[in-house]
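Quick notes on the structure that follows.
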Amino acid sequence: EKIMFSDNNRISGRQAFRILTYDLLGAGSLLVPGILANRAGCDGIFSIGLAVVFALFYVKVLSGVLADKKQDTFGTYLERRLGKVAGKTVSILYVVYFILLAGYVAYHFTNIILKYLLREESFLLILFILVLLAVYGLSGGLEGRARAYEILFWFVMAPLFLMLLSALDEISVDYWTPVVTAAPLSVLGGAWEVFCWLSLVFLLLFLGGSVKKQQILVRAGRWAVLFAGILYAVLYLILLGIFGKNTLSVMEYPAVTMMSTIKITGGFLKRTDAFMLAIWFFTLFALLGGTAFYGGNLLSDLFGKKSAWGGKYGFFILVAAFALAEVFYHSKTLCTYFEICFQTVMTPFIILVPVLLWMPGGRRRA
């Protein structure tokens with residue numbers, strides 16, 4: 001597809017795929033392996049497969065909502081379908097979702113830089129700089145973000161593939177066994193935790209007015225889920241084969257830890273952890289910027305201030321994320337509470353709303 005350079009708030013299907021892929025990979029690729037090892041052990045690979053199936057069905061639900069939404073913004077669509085009061089209430093809940101997720105992403109984004117790259121620096125200073133960069137990124141609007149991620153996509157993915165390939169020599173296949181030993185509920189629990197991150201594909205609802213044909217956007221969402229699911233599976237098998245389930249289950253950022261031990265064939269890179277941080281820098285930055293952009297646009301709809309990039313409202317999302325990230329850094333308990341909330345409240349919410357809008361009965365009531 002042709003890259004679009006006019007400022008008409010339009011992006012191509014390829015750009016939509018790459019934006020969604022960044023969002024699905026950012027935090028999930030860091031956190032999913034350890035979660036799965038703890039939940040399902042060697043059977044975690046089956047959890048990933050189930051999560052991908054769930055996510056593909058979810059994309060089907062989203063496609064029905066997109067067909068009904070047409071060119072409306074998501075905020076105005078909610079008000080049209082649910083009525084002004086209910087629609088604004090649901091929009092506010094989405095804004096809360098974006099603020100909480102942005103704070104959690106900002107915390108991990110800053111923590112990983114502090115832990116692996118700038119060990120002597122202040123968490124607050126690094127966080128402040130990242131939030132400033134995110135504020136600057138908002139000014140480019142959707143098209144600016146889409147162009148940047150399209151150009152950077154293979155510059156990010158190619159090194160990731162190279163690192164994964166270089167890690168194959170470190171694998172002990174004995175760590176992949178025994179299989180089919182985890183309780184079915186453990187496998188399902190692992191699938192749900194993976195799906196919580198794949199469910200971020202719901203962000204395609206906020207791209208609905210920016211892609212010319214809805215079927216192109218739906219296809220981009222479907223391919224983003226498949227692409228991310230395959231990378232989750234490959235990364236999980238490699239990490240499991242290197243560390244074993246017991247060690248993997250207690251590691252904070254196992255993928256980055258693995259990269260610090262990998263030596264590229266030919267020796268042109270002696271340490272690869274800093275190199276790999278560039279991959280997560282762009283994917284986490286994309287997710288942080290996306291939460292501010294979409295949340296800001298929802299706030300614009302709520303206050304009747306139309307803006308192509310969320311304007312000052314996206315800034316408010318990032319200010320709230322800054323405060324939350326600082327709180328998460330100083331209180332691991334609150335961070336754990338967020339994770340529980342993400343799995344038990346936030347993800348069910350973003351599933352339930354599109355399902356109710358998609359169901360024929362929900363359409364008749366609207």
Side-chain angles (χ1 to χ4, degrees), residues 21-39 44 48 101 104-123 125-127 129-130 133 152-153 155-172 175 193-194 196-197 200 227-265 268-288 325 328-329 332 335 339:
T21 299
Y22 271 56
D23 292 336
L24 298 184
L25 287 177
S29 60
L30 285 172
L31 303 175
V32 159
I35 291 170
L36 275 185
N38 186 53
R39 275 277 192 171
I48 294 174
L101 181 60
Y104 188 69
V105 170
Y107 158 67
H108 281 293
F109 196 179
T110 308
N111 193 44
I112 198 172
I113 292 175
L114 184 66
K115 185 178 176 72
Y116 291 96
L117 197 60
L118 303 174
R119 295 179 178 86
E120 303 302 319
E121 275 300 342
S122 160
F123 178 91
L125 177 62
I126 298 171
L127 175 62
I129 292 172
L130 291 176
L133 288 173
L152 290 169
F153 188 78
F155 286 100
V156 172
M157 293 303 160
L160 175 58
F161 295 154
L162 177 62
M163 297 298 164
L164 294 176
L165 187 63
S166 299
L168 295 179
D169 290 341
E170 309 291 328
I171 292 173
S172 171
Y175 286 149
E193 299 209 43
V194 178
C196 285
W197 292 108
L200 292 177
F227 188 88
I230 291 169
L231 274 180
Y232 280 5
V234 172
L235 182 62
Y236 183 68
L237 287 174
I238 289 174
L239 289 170
L240 185 65
I242 291 175
F243 298 116
K245 65 178 183 180
N246 293 332
T247 301
L248 182 58
S249 65
V250 297
M251 298 177 75
E252 188 174 18
Y253 303 119
V256 182
T257 301
M258 175 188 72
M259 295 309 167
S260 68
T261 67
I262 298 300
K263 288 185 171 58
I264 303 295
T265 303
F268 64 92
L269 283 176
K270 299 300 183 184
R271 278 179 60 88
T272 60
D273 51 336
F275 185 52
M276 280 299 297
L277 278 178
I279 294 169
W280 280 292
F281 180 92
F282 288 117
T283 54
L284 289 171
F285 186 77
L287 182 54
L288 179 61
F328 287 149
Y329 179 67
K332 302 301 181 185
C335 196
E339 291 162 359

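Quick note: residue numbers are just sequence positions, from 1.
Among all heavy-atom pairs drawn from L284 and A27, the shortest one is CD2-N, 3.6 Å. Here the closest heavy-atom approach between residue L101 and residue W197 is recorded as CD1-CZ3, 4.1 Å. Pairing each heavy atom of L114 with each of E121, the nearest pair is CD1-O, 3.0 Å. The minimum heavy-atom distance linking L24 with A228 is given by the pair CB-CB, 3.8 Å. When all heavy atoms of K245 and A37 are compared, the closest pair comes out as O-CB, 3.7 Å.
Ring geometry, F153 versus Y22: the interplanar angle falls from 30° to 60°, so the pair is classed tilted. The aromatic rings of Y107 and Y329 sit tilted, their planes meeting at an angle between 30° and 60°.
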For F155 and F282: C-alpha separation, side-chain torsions, deciding distance, then whether side-chain contact (heavy atoms from CB on, under 4.5 Å) applies. CA-CA 10 Å; F155 286 100; F282 288 117; over 6 Å; no
L235 and S29: CA distance, side-chain angles, deciding distance, side-chain contact (heavy atoms from CB on, under 4.5 Å) verdict: CA-CA 8 Å; L235 182 62; S29 60; 4.1 Å; yes
If you apply the rule side-chain contact (heavy atoms from CB on, under 4.5 Å), what do you find for Y104 with F328, and how did you get there? CA-CA 7 Å; Y104 188 69; F328 287 149; 4.1 Å; yes
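Contact check for W280 versus H108: no side-chain heavy atoms found under the 4.5 Å cut-off. Between M157 and L25, some side-chain heavy-atom pair lies under the 4.5 Å cut-off. Residues F281 and L130 form a side-chain contact, since some pair of their non-hydrogen atoms from C-beta on lies under 4.5 Å apart. Between K115 and V256 there is no side-chain heavy-atom pair separated by less than 4.5 Å. Residues Y116 and Y253 form a side-chain contact, since some pair of their non-hydrogen atoms from C-beta on lies under 4.5 Å apart. In this structure, the side chains of L239 and M251 stay at 4.5 Å or more apart for every pair of heavy atoms.
Annotation for F161: atom CZ counts as buried by contact number, over 12 foreign heavy atoms lying within 6.0 Å.
The distance from the CG atom of L36 to the CG atom of L31 is 11.0 Å, given to the nearest 0.5 Å. Separation of atoms CD1 (I238) and CG (L168) is listed at 5.0 Å; rounding is to 0.5 Å. I35 contributes atom CD1, which lies 7.0 Å from atom CD of E339 (distance to the nearest 0.5 angstrom). Here the CG-CG distance, from L287 to L200, works out to 6.0 Å after rounding to the nearest 0.5 Å. Note that CD1 of I112 and CD1 of I126 are 11.5 Å apart. Values are rounded to the nearest 0.5 Å. Here the CG-CG distance, from N38 to N246, works out to 10.0 Å after rounding to the nearest 0.5 Å.
For the pairing with Y236, the side chain to side chain contact (heavy atoms under 4.5 Å, CB included) check across V194, L231, L248, V32 returns one residue only, L248.
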